[in-house]
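Both counts, for ligands and for their atoms, begin at 1 and track the order of listing.
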Amino acid sequence: MTDHLMATFYDTHAHLDYPDYAGDLPDVIARAQAAGIAKIISIGTSLSSSERAVRLAEKYPPIYAAVGWHPSEAMKAPADLRPALREFAKHPKVVAIGEIGLDYHRLPGSQGGSTEDDAHYKRRQAEIFQQQMEVAIEAGLNCIIHQRDAFEDTLAQLKPFAGKIRGVFHCFGENAERMKQVLDAGSLVSFTGIVTFKNGQNVRDTVAATPLDRFMLETDCPYLAPVPYRGKRCEPAYVKEISETVARVKNCSLEELSAATCKTAKEFFHKL
Ligand SMILES: [Zn+2]
């Protein structure tokens, strides 16, 4: 009876193609819809993962797809990712290129490799990041950016493309100063369930400093389930818990947060 009053949100970053959901995806989607999570973007991390995301988007009306190759998997990438991604990008439900970027969290050097191994790995990540931004420009799509321990290099590599494409720095956990650098480059940020964590005050401080019209919400499921589900499998329905915390931090109503974040997402992902 009060359904029409429920604030709706989007999960702009989910990994619904992962085996975690193989057993109950229709239920996961139904719970998301019941919680007011109207649209979900399933994110590719390789060509096969991107292909699965596209198939899910074809099968389930609330699902959309992003296609891309994750930097952590850079050494497994084909020499040229562009031809396959160009084809995917034509699909009416492919709304972005991603997730792409740079990840220096587990360099080969930290696992017995040499400094040359580190340099080679970083160079390969930069190459596929570059290729994928080129496809994004050609296709007129924006990018979902993954970076870990590589903020400066990621922003530096994105900046020459500013004005042609925008990025959303997903799962944003950096401080307000870095958030401003992202916004100054014409890009956006998005926040996960980390905002609900007891030790997430730094992220809540960044949320508080981010203008209401420059961020989106996401789960990054199956990871990062918000409180009170922390440690369990995450799913898109939990954007509800994330939105409640973010609304409190922003000192705005759920309706205002819904209107702002959905408008931002529709402008950024123009096929959504
Ligand atoms: Zn992700």
Side-chain angles (χ1 to χ4, degrees), residues 9-22 25 28-29 32 37 39-57 63-74 76-77 81 85 88 93-106 125 128-129 132-133 136 141-151 154 158 166-174 182 187-197 200 203 215-226 229-239 242 261 265 268-269 272:
F9 291 96
Y10 303 152
D11 185 353
T12 60
H13 195 115
H15 294 281
L16 297 184
D17 75 298
Y18 282 17
D20 309 68
Y21 304 107
L25 186 58
V28 167
I29 295 166
I37 313 310
K39 295 175 193 242
I40 304 162
I41 303 175
S42 194
I43 310 294
T45 53
S46 66
L47 291 180
S48 57
S49 163
S50 298
E51 164 101 45
R52 289 194 296 273
V54 171
R55 297 295 159 249
L56 292 175
I63 300 183
Y64 294 76
V67 296
W69 197 287
H70 196 287
S72 298
E73 304 296 315
K76 296 179 197 151
L81 278 167
L85 289 179
F88 284 137
K93 292 191 84 178
V94 169
V95 299
I97 301 297
E99 56 189 291
I100 64 174
L102 303 174
D103 189 326
Y104 300 166
H105 185 59
R106 281 206 197 95
Q125 289 195 359
I128 66 166
F129 186 21
Q132 297 184 93
M133 284 192 287
L141 295 174
N142 286 318
C143 296
I144 295 162
I145 305 289
H146 169 102
Q147 74 80 19
R148 193 162 181 196
D149 300 341
F151 179 79
T154 305
L158 176 65
R166 306 168 75 202
V168 56
F169 281 61
H170 105 93
C171 193
F172 199 74
E174 305 287 341
V182 170
S187 286
L188 301 173
V189 295
S190 65
F191 298 108
T192 62
I194 294 174
V195 295
T196 69
F197 292 180
V203 180
F215 69 87
M216 299 184 284
L217 304 180
E218 57 160 311
T219 57
D220 200 15
C221 67
Y223 314 113
L224 301 172
Y229 308 106
R230 191 171 180 184
K232 303 208 171 78
R233 182 189 73 170
C234 187
E235 59 179 64
Y238 302 165
V239 170
I242 297 169
T261 55
F268 186 83
F269 304 109
L272 198 64

(request) Only counting residues at least two apart or in another chain, list the ones meeting salt bridge (charged side-chain N to carboxylate O under 4.0 Å, His left out) with R55. (result)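 R55: salt bridge (charged side-chain N to carboxylate O under 4.0 Å, His left out) contacts with E51, E58.
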
(request) Could you grab the protein N, O or S atoms closer than 2.8 Å to the Zn ion (ligand 1) for me? (result)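 Under 2.8 Å from the Zn ion (ligand 1) - ignoring waters, which are not counted - the protein N, O or S atoms are H13 NE2, H15 NE2, E99 OE2, D220 OD1.
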
(request) Write down the atom of F197, the atom of A225, and the distance for their closest heavy-atom approach. (result)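 Heavy atoms only, the tightest pair is CE2-O, 3.3 Å.
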
(request) Kindly give the heavy-atom pair with the smallest separation between G101 and P71, and that separation in Å. (result)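 Closest approach of G101 to P71, heavy atoms only: O-CB, 3.2 Å.
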
(message) So, taking the atom named CD1 in I145 and the one named CZ in R166, what distance separates them when rounded to the nearest 0.5 Å?
(response)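 Between I145 CD1 and R166 CZ, I get 12.0 Å after rounding to 0.5 Å.
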
(message) Using the side-chain hydrogen bond (donor to acceptor under 3.5 Å, both in side chains) definition, which of the options S46, S49, S42, S50 pairs with D17?
(response)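 Per the side-chain hydrogen bond (donor to acceptor under 3.5 Å, both in side chains) rule, the option paired with D17 is S49, out of S46, S49, S42, S50.
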
(message) Please confirm whether the ring centroid of F269 lies under 6.0 Å from the ring centroid of Y64.
(response)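 That pair fails the under 6.0 Å test.
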
